[in-house]
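Reckoned from all heavy atoms, side chains included, excluding hydrogens, waters and symmetry mates. Counting convention: from 1, in listed order, for ligands and their atoms alike.
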Amino acid sequence: MSDALNYLLEVRKNAMGPYFEFMKEGGKHLDRKTRSLLSVITKVDSQTEAGFKQYLKRALQAGNQADEILDAMLVCMPTLGLSKIIWAIDIIQKMELSEFKPENLGKKKQWIKLTPLDELNEGISCLGYDNRFCYINKREQEICIYDNQCPHQATDIPVSALNETVLTCPKHNWKFDLETGDCIEVGDRPLNQIRFKLENNYLYIYN
Ligand code: FES
């Protein structure tokens, strides 16, 4: 939320409260992915650059693929118009988001059998699949899996870049904490999480 909205909420709570309640209620039947896609579209429509960048990152973090975001904009072309979409694409290109690079678009994801669950170590580990690898953080019953590709420019971050729980991308030194996936130094985007499921005592990832 912007500083201005925070300010109004503080100094005009009674007036602004119902507005936020309305916003919350209005989207309660939508899942997080869909809501974040719609927010992106509203920012393209209003052409607010800071808001667009913020909601674009949020839409990716909510699990949207770059292809889905592009499709959502194109589907809304009748109301947005081509010039607003071009405005948005210019910003996306300047942001250098790895997900939007042409070579990373159009990839079909699938469930990949990664490892038997009882062979998964406690703490941080790194496992390979299909000429790639991912980082896994297992703490008792909780599992988080992160893509090894840097969210900045899709550099493969090697195991040698791991120091305890901190992973440092060799290209521009963004640092990530594998406890949370957050970028803790230099950059501003977290590692991409990989969806997973447990089936018949096996860990599968969707990538
Ligand atoms: S590619 Fe720039 S920090 Fe990783």
**Message:** Restricting to N, O or S, what is the name of the atom of His152 that lies nearest atom 2 (Fe) of ligand 1?
**Reply:** ND1
**Item:** Atoms of ligand 1, numbered as shown, that sit under 4.0 Å from any heavy atom of Cys169
**Value:** 1 (S), 3 (S), 4 (Fe)
**Asked** Can you name the N/O/S atom of His172 that is nearest atom 2 (Fe) of ligand 1?
**Response** ND1
**Message:** With a sphere of 6.0 Å drawn around CG of Asn201, does it hold more than 12 non-hydrogen atoms of other residues, nucleotides or ligands?
**Reply:** yes
**Numbered atoms and elements of ligand 1 in range of Cys150, under 4.0 angstrom, heavy atoms** = 1 (S), 3 (S), 4 (Fe)
**Message:** Using a 4.0 Å cut-off to any heavy atom of Gln153, which atoms of ligand 1 qualify?
**Reply:** 1 (S)
**Asked** Would you say the side-chain atoms of Thr180 and Asp177 include a donor-acceptor pair closer than 3.5 Å?
**Response** no
**Item:** Protein heavy atom at shortest distance from atom 1 (S) of ligand 1
**Value:** Thr155 OG1, 3.2 Å
**Prompt:** Can we say Glu142 and Lys138 salt-bridge, meaning some charged N sits less than 4.0 Å from an Asp/Glu carboxylate O?
**Reply:** no
**Item:** Glu103 atom CD, neighbour heavy-atom count above 12 within 6.0 Å
**Value:** yes
**Prompt:** Just by modelled atom types, is the Asp45 backbone N or O under 3.5 Å from a matching donor or acceptor in the Lys84 side chain?
**Reply:** yes
